[in-house]
Amino acid sequence: MSVLRVGNASGFYGDRFSAMREMLTDGPLDVLTGDYLAELTMLILGRDRLKDPGAGYARTFLRQLEECLGLAHERGVRIVANAGGLNPAGLADAVRTLADRLGIPVRVAHVEGDDLTAAHPGALAAHAYLGGFGIAACLRAGADVVVTGRVTDAALVTGPAAAHFGWGPTEYDRLAGAVVAGHLLECGAQATGGNYAFFQEGDVRRPGFPLAELHADGTSVVTKHDGTGGFVDVGTVTAQLLYETGGARYAGPDVTTRLDTVRLTQDGPDRVRVEGVRGEAPPPTLKVGLNRLGGFRNEVAFVLTGLDIEAKAALVRAQLDPVLGKVSDVRWDLVRTDRPDAPTEETAGALLRLVVRDADQQVVGRALSGAAIELALASYPGFHVLAPPGKGAPYGVFDAVHVPQDIVEHVAVLHDGRRVPVPAAQDTVVLHPVPEPPLPQPLPPGPVRRAPLGLVAGARSGDKGGDANVGVWARTDDAWRWLAHELTADRFRELIPEARDLPVTRNQLPGLRALNFVVEGILGEGVAAQTRFDPQAKALGEWLRARHLDIPEALL
């Protein structure tokens with residue numbers, strides 16, 4: 001059958017608004033996808049729904065469609081997006097209303113069944129990660145627009161691929177190939193040079209959005225429209241492939257994908273071929289993301305300038321500690337951004353950051369803000385803050401649990417209103433780690449030089465609940481031979497002191513010349529809890545690349 005060209009126009013709720021129009025006008029497509037949901041987004045939509053039961057979906061998607069629905073219809077491009085969030089039926093109705101107002105004859109379907117909130121008391125939102133076969137059912141029945149709630153990000157591609165090529169639920173290798181393509185597209189411009197460790201190797205001022213040319217055997221080519229910004233090479237694709245993954249087995253509701261089988265080759269300018277992907281039966285359970293309100297938080301950053309930074313910080317803490325006695329969670333961090341004999345006042349300053357959390361808004365609100373501001377004329381010399389503390393804002397907590405696949409009622413609601421149940425996977429296999437592959441031959445002994453890891457390796461990091469993953473890859477075979485022996489889990493802990501007392505799991509992916517580290521608990525209760533300075537671990541990999549090691553001179 002013909003190649004299926006699937007593009008992406010959104011990697012998160014708030015991504016480039018014009019991307020949908022650009023993807024429709026800059027080159028040919030068969031399907032345009034959009035990923036609008038993240039763990040934090042589900043919390044935000046849950047709070048929206050508390051105020052308005054008719055809310056709960058990504059409203060920017062509707063505004064994008066107002067501009068682009070006619071374009072998609074003219075070009076025969078189907079649109080598949082998880083913008084339905086907590087209310088896919090409501091978004092589907094809103095799209096129909098919009099299409100009627102614009103006079104565009106489109107068939108709109110949606111997927112539901114992911115909402116398990118009623119079964120999890122205390123959760124603001126509890127949603128199972130569904131697979132792609134509900135989307136496939138909608139497309140096979142003739143839908144032009146399919147909106148979903150919580151599905152896996154890759155399902156936005158596996159669904160259209162299964163519909164187009166007629167794949168069944170046990171064609172695991174083909175499905176796994178589509179999962180990899182979907183994972184490479186899901187974060188938009190991250191596959192085309194955005195957030196890339198070696199960003200200076202191309203013009204990434206305005207990266208184009210990616211697309212994948214999928215084939216019936218599950219292989220694909222990741223590319224972008226001609227003439228758009230950014231670049232696609234084995235490095236940008238490797239970086240995205242490692243993003244927010246763990247071991248060699250990448251579990252999903254339709255298939256468990258073996259990341260250790262992926263082969264990437266440059267297939268021409270801005271074209272990377274993805275092949276060799278093997279799949280296995282999925283696990284018998286589905287992941288469920290639980291979002292709940294954890295309480296209230298507040299923060300203030302005191303600016304400490306010039307001499308006696310440590311003593312000034314100690315004074316503020318001594319003055320505020322009595323007030324903070326009733327607060328359940330208090331965190332102080334002194335960030336030494338100051339320099340000796342600084343040429344500007346800003347470079348002479350350090351930041352003392354106070355973050356407080358409690359179930360009582362009053363405790364972290366007025367009590368803190370009043371006490372902090374009352375120090376304005378009664379504390380260290382040069383007292384000022386970056387911004388006054390507020391009244392305390394609610395924060396969320398994310399947890400993940402797993403439930404049996406067969407208790408989730410996955411339903412495709414077709415454009416004509418028919419409700420088609422989507423059966424759970426019949427063949428399942430309990431997930432187990434893949435045995436560690438043998439290490440490559442080490443490099444022969446030779447002179448070394450103290451230098452940053454980033455001179456020979458790239459990295460990309462991200463969050464999964466309270467855990468963080470850091471994917472690190474070498475750019476040459478020799479660099480891989482050194483990296484695989486040098487960067488152990490223990491060495492990772494040495495280089496990243498925040499991980500020193502935490503479980504760190506290292507996974508090898510020799511086919512990608514890569515290591516993937518999972519650091520458990522480094523993000524506390526997840527991004528919405530704002531526990532850490534970098535709450536989504538987006539820059540954890542760049543910190544690692546900046547750390548110095550003894551690197552063989554032959555690699556530098």
By side-chain contact (heavy atoms from CB on, under 4.5 Å), D217 pairs with (sequence neighbours left out) H215, T219
query: Should R545 and E542 count as an ion pair when the cut-off is N to O under 4.0 Å?
result: yes
- Message: Do the side chains of D267 and R273 get close enough for a salt bridge, i.e. N-O under 4.0 angstrom?
- Response: yes
| query | So, are K464 and D467 salt-bridged, with charged N and O less than 4.0 Å apart? | reply | no
Closest non-hydrogen atoms of V255 and G279, given as atom of the first, atom of the second and distance, are CG2-CA, 3.9 Å
Handout entry: Distance-only side-chain donor-acceptor flag, D35 / N82, under 3.5 Å
Key = yes
*asked:* Do the side chains of D30 and R5 get close enough for a salt bridge, i.e. N-O under 4.0 angstrom?
replied: no
Of all heavy-atom pairs linking P169 and Y172, the shortest is O-CE2, 3.3 Å
Note to self: Taking R206 first and then E22, would you say they form a salt bridge - that is, a charged N and a carboxylate O separated by under 4.0 Å?
What the structure shows: yes
Quick one: are V111 and I135 in side-chain contact, heavy atoms under 4.5 Å?
yes
Ring centroid separation Y250 to H183 under 6.0 Å: yes
Contacts of D260 meeting side-chain contact (heavy atoms from CB on, under 4.5 Å) (sequence neighbours excluded), chain-then-number -> A248, R258, V434, L509
Checklist line | NZ/NE/NH1/NH2 to OD/OE distance under 4.0 Å, E201 and R475 | finding: yes
| task | Please confirm whether Y36 and Y57 have ring centers closer than 6.0 angstrom. | result | no
Salt-bridged, R419 to E112, with N to O below 4.0 Å? yes
Taking every heavy atom of A468 against every heavy atom of I522, the minimum-distance pair comes out as CB-CG2, 3.5 Å
Q. Do R49 and D115 meet the salt-bridge criterion of a basic N to acidic O distance under 4.0 Å?
A. yes
All heavy atoms of N298 vs all of G390, minimum pair found to be ND2-O, 2.8 Å
(request) Return the orientation label for the W167 and F165 ring planes: parallel under 30°, perpendicular over 60°, tilted otherwise. (result) parallel
* Asked: Does CZ belonging to F533 count more than 12 external heavy atoms closer than 6.0 Å?
  -> no
Query raised in the report: Is it true that the side chains of N469 and S461 contain a donor and an acceptor less than 3.5 Å apart?
Result: no
Measure the acute angle between the ring planes of F492 and F517, then classify it against the limits of 30° and 60° as parallel, tilted or perpendicular.
parallel
Item to check | F296 six-ring centre to R357 NZ/CZ under 6.0 Å and within 45° of normal | outcome: no
Around atom CG of D52, are there more than 12 heavy atoms from other residues, nucleotides or ligands closer than 6.0 Å?
yes
Margin query: If the threshold is 4.0 Å, N to carboxylate O, is there a salt bridge linking R331 and E299?
Written below: no
